[in-house]
Amino acid sequence: MKLRLAMAFGAVLTIVAIGLSQSRAQRGPVFTKDGNLVLPTGFREWVFVGGPITPNGLNNGKALFPEFHNVYVEPENFRYYQQHDKFPDGTVLVKELVLTQAGQYPDGSVDSASGRGYFPSSLHGLDVMVKDSKRFGDTHNWGFFSFGQQAPPYQAMASVKSAGECAYCHIEHVAKTDMVWVQYYPSLTTKIK
């Protein structure tokens, strides 16, 4: 009897722990009353769709975005995109910037056991896209936010960037793919049955 009671108590504690851990991960965007976006939580537990890089060493020392861009999306929005080739309202895409390791070669690359290449170093910023057709209709339904271009901790909230800061490039180059550079994220576009 004591064993059964102990097992039941353990099961209840496990269910509570799972519930608490799931409640810490934010679902969808959270905005303040004045329209600022609250820093998303739990995003490293979402679907990692890719981490492209355009290093300075391959761009004459002047890459616009020389860090790795580790991009995450909530699982349900990942699945929705795979089924519909667009994201639903409420989608949050998180892009965490990661610096490259200091290079041994003039192009900034590093030798490793797997060969010469570019490898991540430290976290260095967080940008977020939110799809909301009511809030961001003038920028093809997406709002763009930056929580800082520095090592964590990131800013607790961010205001939407002007159309000229981020959206213009997405509108000009990837408006036909729901404002997302999906060509760099094959896990989004490859349908698995």
Side-chain angles (χ1 to χ4, degrees), residues 20-32 35-78 81 87 90-132 142-162 165-167 169-170 173-174 179-188:
L20 288 174
S21 70
Q22 288 176 344
S23 67
R24 282 182 283 195
Q26 176 181 314
R27 289 255 186 246
V30 175
F31 292 95
T32 63
N36 289 329
L37 181 66
V38 175
L39 178 69
T41 60
F43 61 87
R44 289 192 197 106
E45 298 171 14
W46 299 355
V47 176
F48 174 72
V49 294
I53 181 172
T54 51
N56 281 323
L58 299 179
N59 293 280
N60 298 320
K62 299 177 184 175
L64 294 176
F65 307 103
E67 313 90 350
F68 285 93
H69 292 173
N70 291 349
V71 177
Y72 304 89
V73 63
E74 291 172 304
E76 59 272 16
N77 295 325
F78 174 82
Y81 186 89
F87 290 101
T91 296
V92 177
L93 291 172
V94 172
K95 176 178 72 175
E96 191 164 35
L97 309 176
V98 184
L99 297 175
T100 59
Q101 291 182 13
Q104 302 163 262
Y105 297 96
D107 66 359
S109 62
V110 176
D111 281 327
S112 81
S114 63
R116 186 169 153 184
Y118 298 95
F119 300 92
S121 170
S122 56
L123 302 176
H124 194 71
L126 192 85
D127 296 330
V128 174
M129 289 175 63
V130 174
K131 188 169 186 182
D132 186 325
W142 288 91
F144 297 81
F145 302 83
S146 179
F147 289 87
Q149 306 297 303
Q150 79 283 332
Y154 303 125
Q155 298 166 13
M157 60 187 92
S159 58
V160 68
K161 295 286 189 182
S162 71
E165 291 178 271
C166 298
C169 192
H170 288 250
H173 298 289
V174 290
M179 298 286 283
V180 178
W181 305 88
V182 297
Q183 68 269 36
Y184 303 131
Y185 307 114
S187 63
L188 272 174

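Note that the structure is a prediction, hence the values are computed from the model and not measured. Hydrogens, waters and symmetry mates play no part in the numbers below; they use all other heavy atoms, side chains included.
- Remark: the backbone N or O of G51 is not paired with any side-chain donor or acceptor of N70 at under 3.5 angstrom.
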message: Run D107 and Y118 through side-chain contact (heavy atoms from CB on, under 4.5 Å) and show every step you take.
response: CA-CA 10 Å; D107 66 359; Y118 298 95; 3.5 Å; yes
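- Judged as a side-chain hydrogen bond (donor to acceptor under 3.5 Å, both in side chains), and not counting sequence neighbours, the contacts of R44 are E96.
- Ring geometry for F144 against H170 counts as tilted: the plane angle lies between 30° and 60°, on a 0 to 90° scale.
- When atom types are taken as modelled, the side chain of S121 and the backbone of L99 share no donor-acceptor pair closer than 3.5 angstrom.
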task: Kindly indicate, with the supporting measurements, whether the criterion side-chain contact (heavy atoms from CB on, under 4.5 Å) is fulfilled by H173 and W181.
output: CA-CA 8 Å; H173 298 289; W181 305 88; 3.3 Å; yes
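- Taking every heavy atom of both residues into account, V130 and F31 meet most closely at CG1-CZ, 4.1 Å.
- Looking at heavy atoms from C-beta onward, V92 lies in side-chain contact with V128 at the 4.5 angstrom threshold.
- Under a 3.5 Å cut-off, the side chain of N59 and the backbone N or O of P55 do form a donor-acceptor pair.
- Heavy-atom neighbours of F48 CZ from other residues, nucleotides or ligands within 6.0 Å: above the threshold of 12.
- Residues Y154 and Q150 approach most closely at CE2-O, 3.4 Å, considering heavy atoms.
- Of all heavy-atom pairs spanning P29 and L37, the tightest one is CB-CD1, 3.8 Å.
- With a 4.5 Å cut-off on side-chain heavy atoms, P40 and Y72 do not count as touching.
- Side-chain contact check for V182 versus Y81: some heavy-atom pair is nearer than 4.5 Å.
- Evaluation of the side-chain hydrogen bond (donor to acceptor under 3.5 Å, both in side chains) rule for D127 yields S146, Q149 as partners, not counting sequence neighbours.
- Contact detail for S187 and V49: the closest heavy-atom pair is OG-O, 3.3 Å.
- None of V98, I53, T100 except one satisfies the side-chain contact (heavy atoms from CB on, under 4.5 Å) rule with P120; the exception is V98.
- For Y184, the OH atom is loosely surrounded, since the number of other residues' heavy atoms within 6.0 Å does not exceed 12.
- Below 30°, between 30° and 60°, or above 60°: for F65 and H69 the angle between ring planes is above 60°, a perpendicular geometry.
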